[in-house]
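To start, the structure itself, in structure tokens.
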Number of protein chains: 2
Amino acid sequence: MPASTGLRARVRAELTAEIKDEARRQLAESGASGLSLRAITRALGMASSGIYRYFPSRDDLLTALIVDAYDSLGTVAEEADARCTRDDFGSRWAAVGRAIRGWARSHPQEYALVYGSPVPGYRAPQDTIGPASRVTSVLAGIVNEASREGALRVGLTPPGLPPLPAHVAAEARRLAEVAFPGTPDETVIRAIEAWTQLFGMVSFELFGHLEGVITDPAPIFDRALLEMGTHVGLPAPRTGTPSSGPAIPFPESGVG
Amino acid sequence: MPASTGLRARVRAELTAEIKDEARRQLAESGASGLSLRAITRALGMASSGIYRYFPSRDDLLTALIVDAYDSLGTVAEEADARCTRDDFGSRWAAVGRAIRGWARSHPQEYALVYGSPVPGYRAPQDTIGPASRVTSVLAGIVNEASREGALRVGLTPPGLPPLPAHVAAEARRLAEVAFPGTPDETVIRAIEAWTQLFGMVSFELFGHLEGVITDPAPIFDRALLEMGTHVGLPAPRTGTPSSGPAIPFPESGVG
DNA sequence: GCCAAATCAAGAGCAGTGCTCATCTATTGA
DNA sequence: TCAATAGATGAGCACTGCTCTTGATTTGGC
């Protein structure tokens, strides 16, 4: 018995983890609203009322799962980025995009939990905004570093298009201050567009809106990644055309 | 007593409509999983078991609401398109995009129902794919007509980018046959990108992922619409810069 | 080592849910 | 007119989240 405050605290931490693990298992096979506190306690062999000492309500459990999901996705994105050659910005963008899609496909219910419709009557607490920003930071970081090293193509607005309206430019400047230091307004706006495009496509695929429209989303997704990277001014990947892995099959293997 | 089969059938249709109306009301204030059949019957003053003669299960009611939502959104998109000058393709694209966002903002729970995470344990039946395709058809129709009338800018892939990979081109050709007759492969793929970008941005706004990132989404959304229209080769709107209406406020007013 | 205080486990219970079923009534078509 | 059918009803089942009381354990200060 090393730590005085150890025994009880450790068994509590263990049970908390077990509850979350079982919750994740049920989430994976029944979805968010199929998650039942009583079923969890039943699987763990404890009394149904006992779980409330660990998670004061169902929403609190859900929040914990959301935080974990954001963290899991954030880690995957960061690792994918870290695996790339630092100044190959096009490849980094593509790699992170593919990592996000891969994580979403191997954790569909957790993806739905964080990027689907907000759970009814549930308002995201402050705890989630920290972990939520990790993925976004990775994507923004690529654009920022490319900008800092002069690898970004600028002057993006084509001749036929009007320049950024005042409201848009103002928003871009505000955003540049907090997340895109030294990046041109046009680039900031296009980064937002690419960001929403990326998650829009993943969500459409995961939520079934590509069914009957696109037979194999992987190559389309890769092409979109390439074109959106170009759209924000990133250079093309050096290592040739990126690939989202196997064509049709993409079981539970994905990233951890 | 005019029609022999009339009285009973009409009162049944009326009650069915009343149930859906009450369901929509509850949906708007409690979300999809807050929808309770018993609460509906309570509000309608009928026995709780009576509702099952009109909707055999909760999922069937949900399906009916989904179909109605798709139809409502489809109508709004078609009307917005119809209001535009036929050969002003840039304006049509922008108008339909803004109509979609407007409908989503005034029917957030119904939008979440159809474009959010699929409700747990619920698989979309065939009934939904027809109405679901209406919005998509409007968007595709704009690109198609522009293509047919030679208003589409082609040769979109910039010098630095590789041409469409074989898999992507094949998918584009397949899609062109069913939805984009005579439209170049590059355009088809970019239309898919613009489509997912549009709904990606609306979903991010509706589901709170723009919170703390973008203060006023309307101008950004308009700019994205403009740039994505250009991305697929549509000409710029003739009527100047489009506007998504009032800056911040956007209450329940929207489209019906 | 003792003992009050805090923590935890357990079970009963409440109000709510979707859904089924037997029963009774009202409408229908022949 | 009358059997067949559709509709309305209330009881009941199994489930849910959550509360509260009761009793057993572990803790930290003395």
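Here is the naming used below: chain letters follow the sequence lines, and residue numbers restart at 1 for every chain.
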When rounded to whole Å, the CZ to P distance for the pair B:Phe55 and C:dT17 reads 18 Å
Legend entry - Test: A:Arg174 and A:Glu171 ion pair at under 4.0 Å: yes
Atom CZ of A:Arg53 and atom C1' of D:dC20 are separated, to the nearest Å, by 11 Å
Separation of D:dT16 atom P from A:Ile51 atom CD1, nearest Å, is 12 Å
note: B:Ile19, atom CD1; D:dG7, atom P; distance rounded to Å ~ 11 Å
Check your understanding: Does NZ or CZ of A:Arg12 lie under 6.0 Å from the centre of the six-membered ring of A:Tyr54, at an angle within 45° of the ring axis?
Key -> yes
query = Is any side-chain nitrogen or oxygen of A:Ser48 closer than 4.0 Å to OP1 or OP2 of D:dC18?
reply = no
Does a side-chain N or O from A:Ser49 land closer than 4.0 Å to OP1 or OP2 of C:dG11, or not? no
* To do: Please check the phosphate of D:dT16 (OP1 and OP2 only) for any side-chain N or O of A:Arg42 closer than 4.0 Å.
  => yes
Is B:Ser203 reaching over with its side chain to a backbone N or O of B:Gly200, donor-acceptor style, under 3.5 angstrom? no
Any ion pair linking B:Arg190 and B:Glu193 (charged N to carboxylate O, less than 4.0 Å)? no
>> Tell me if the side-chain of B:Arg12 makes a donor-acceptor pair with the base of D:dG7, cut-off 3.5 Å, by modelled atom types.
In response: no
- Query: Considering only heavy atoms and no angle criterion, is a donor-acceptor pair shorter than 3.5 Å present between the side chain of B:Arg38 and the base of C:dG18?
  - Reply: yes
Looking at B:Leu35, is its backbone amide N or carbonyl O close enough to the side chain of B:Arg58 to form a donor-acceptor pair, meaning the two atoms are under 3.5 Å apart? yes
What's B:Tyr54 touching, base or sugar-phosphate or nothing? Going by heavy atoms closer than 4.0 Å.
sugar-phosphate
Among the nucleotides D:dG17, C:dA10, D:dT16, whichever has the atom closest to the side chain of A:Arg58 is D:dG17
Atom CZ of B:Arg10 and atom P of D:dG7 are separated, to the nearest Å, by 15 Å
From OH of B:Tyr52 across to P of D:dC13 the rounded distance in Å is 17 Å
Ranking C:dA9, D:dT9, C:dC19 by distance to the side chain of A:Leu15, first place goes to C:dA9
Among the nucleotides C:dA9, C:dT17, D:dC18, whichever has the atom closest to the side chain of A:Ser57 is D:dC18
Q: Using a 4.0 Å heavy-atom cut-off across all strands, classify A:Leu35 as base, sugar-phosphate, or nothing.
A: sugar-phosphate
When rounded to whole Å, the CG to P distance for the pair A:Leu62 and D:dC18 reads 11 Å
In whole angstroms, the gap separating C1' of D:dC18 from CG of A:Leu61 amounts to 14 Å
Could you check whether the side chain of A:Arg8 and the base of D:dT27 have a donor-acceptor pair of N or O atoms closer than 3.5 Å, going by distance alone? no
